Amino acid sequence: MEQISAFLSRVVSLTRKESHQLLRDKSSLSIGLILPIILILLFGYGLSFDLTHGRVGVVVQHRTPQSDQIIAGLHDSTYILSTQYSNFNQAAQAMSENQIDAIVNLPIDLAEQSSNPPIHIQIITNGRSATIAPVLQGYISGAITTAQAIYADRDPMNEANAMIQIEQRMWFNESANSTWFIVPGLIVLILTLIGAFLTALLIARERERGTLEALFVSPVRPLEIVVAKLIPYLVVGLIDIMICLLAAHFLFSVPIRGSLLGIISASFLYLLVSLLLGLTISGFSQNQFQASQMALLTSFMPAMMLSGFVFDTRNLPLVVQIVSQVLPATHFMTLLKTLFLGGDDWALWFKECAVLLLFVIVFTIASCLSLRKRLR
């Protein structure tokens, strides 16, 4: 009994000591209590494989009762947002600019085909989003078939009008190869992970080893420290970019339809954002463990879940959509997939690169402030 009593006494004492240590360690306590709340909210609201707002452009060159019925059927679908175009070139331009996800091309002789079925309707989907294209094809086909069935019920003498032959096409990813869609997204995730983790441990490591005091007594300024620490890792990151591009083209046969200058320059900007994010985290962290956890939670996980890599962020709740737009990875993901599969879109390039440049400025200021605070 005495041994059991002594054993319990030691266990209680050690448990009390570990509890006090846990309560004093705010970072571990936050990870244990706050992280599950963040993850359940993030995954619960952020994960959705449903398509609720498929943007469809309907080409109507000659309005007829049949075309009005098809348009009404698409409009009545809760999964489709339809826009009318008077000619195919307008719809094709909207598709190339990623303004719509699919085109429904109604034949100019729709009335004649209704009298002599089948009716030939062309559906073209945007292959840059492999998760949306097949689902949206099914929604459009179902809406058109339902609309024609209703039209046939209203005109029992012409039940053959419901006979429709749909011709499906996919642009920008003609083979419907998921690798073409995944690999550009993987490049974004790789640059996010490598960039943030390369620099997230720099300042924290020096603080743990005690070598940070050497910088305190030197005349260097925070901006000089930031630039000096970034340059070596920028070189490593540029090598990673070239490796990713070579692997995408030669190993996975992903087409690179945009200019290499546009892709490399945008990738360089995003790499700079990731490195500065990691350096900012390192400057505000007390140790390497805290820095690594913060880098994981603020860079890789949001980039994987909320950037559009897995699914379209437009199907998420409004609050989550707003959060996704705050992430640099979301803007780079959209730009890189367009450059790889759609070709050069310089308006989009300037827009997204301007956003990335803004992130560079913000994180540069934040990293300098984190070092200035420590240098005082």
Side-chain angles (χ1 to χ4, degrees), residues 48-176 181 311-318 321 342:
S48 175
F49 294 96
D50 300 327
L51 177 63
T52 56
H53 298 93
R55 301 169 301 176
V56 177
V58 186
V59 179
V60 184
Q61 302 180 64
H62 180 63
R63 294 194 60 177
T64 63
Q66 293 85 356
S67 66
D68 290 341
Q69 184 67 36
I70 292 175
I71 293 171
L74 293 173
H75 182 73
D76 291 340
S77 174
T78 57
Y79 305 102
I80 295 174
L81 298 176
S82 61
T83 304
Q84 292 187 42
Y85 296 93
S86 59
N87 60 73
F88 183 78
N89 291 334
Q90 292 179 350
Q93 181 67 22
M95 174 85 85
S96 65
E97 296 176 357
N98 206 29
Q99 296 177 4
I100 56 178
D101 303 310
I103 298 174
V104 177
N105 189 19
L106 300 181
I108 192 171
D109 58 342
L110 181 61
E112 290 77 4
Q113 291 190 25
S114 298
S115 302
N116 185 24
I119 302 172
H120 296 272
I121 297 178
Q122 186 181 47
I123 299 177
I124 303 172
T125 51
N126 191 341
R128 283 178 288 193
S129 180
T131 58
I132 291 179
V135 177
L136 189 55
Q137 281 181 349
Y139 287 160
I140 296 173
S141 300
I144 292 176
T145 302
T146 302
Q148 281 300 106
I150 294 174
Y151 184 78
D153 289 340
R154 293 175 180 175
D155 188 6
M157 300 299 295
N158 296 304
E159 291 186 2
N161 291 347
M163 296 176 57
I164 298 176
Q165 183 174 340
I166 294 178
E167 300 175 0
Q168 297 183 353
R169 299 287 186 273
M170 185 178 293
W171 282 2
F172 312 120
N173 190 354
E174 298 82 2
S175 62
F181 171 77
F311 40 75
D312 191 357
T313 56
R314 289 171 298 152
N315 301 320
L316 306 179
L318 180 60
Q321 292 185 38

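As the structure is a prediction and not an experimental result, all values here were calculated from the model. All residue numbers refer to positions in the sequence shown, counting from 1.
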- prompt: Where is the tightest heavy-atom contact between G73 and A143, given as atom of each residue plus distance?
  reply: O-CB, 3.9 Å
R63 side chain vs D68 backbone, donor-acceptor pair below 3.5 Å: no
Side-chain heavy-atom pair V58, I70 within 4.5 angstrom cut-off: no
query: Which atom names give the shortest non-hydrogen contact between A102 and M95, and what distance separates them?
result: CA-CE, 3.9 Å
message: Less than 4.5 Å apart, side chain to side chain, heavy atoms only: is that true for D101 and T125?
response: no
- prompt: Can you check side chain to side chain contact (heavy atoms under 4.5 Å, CB included) on N126 and I100, steps first, answer last?
  reply: CA-CA 8 Å; N126 191 341; I100 56 178; over 6 Å; no
query: Checking S141 side chain against G138 main chain: does a donor-acceptor pair fall under 3.5 Å?
result: no
task: Quick one: closest heavy-atom pair of V56 and L136, and the distance?
output: CG2-CD1, 4.2 Å
- prompt: Could you give the distance from CD1 (I103) to CZ (R55), rounded to the nearest 0.5 Å?
  reply: 12.0 Å
- request: For the residue pair Y139 and Y79, categorise the inter-ring angle as parallel (less than 30°), tilted (30 to 60°) or perpendicular (more than 60°).
  value: parallel
- request: Please test T83 against L81 for side chain to side chain contact (heavy atoms under 4.5 Å, CB included), starting from the C-alpha separation and ending with a verdict.
  value: CA-CA 7 Å; T83 304; L81 298 176; over 6 Å; no
Neighbour count above 12 (heavy atom, 6.0 Å) for H120 NE2: yes
task: Check V59, N105, V104 against Q122 for a side-chain contact (heavy atoms from CB on, under 4.5 Å) and give me the one that passes.
output: N105
task: Measure the spacing between CD of Q90 and CD of Q99 and express it to the nearest 0.5 Å.
output: 11.0 Å
- request: First locate atom CG of L106, then atom CD1 of I144, and finally report the distance between them rounded to the nearest 0.5 Å.
  value: 7.0 Å
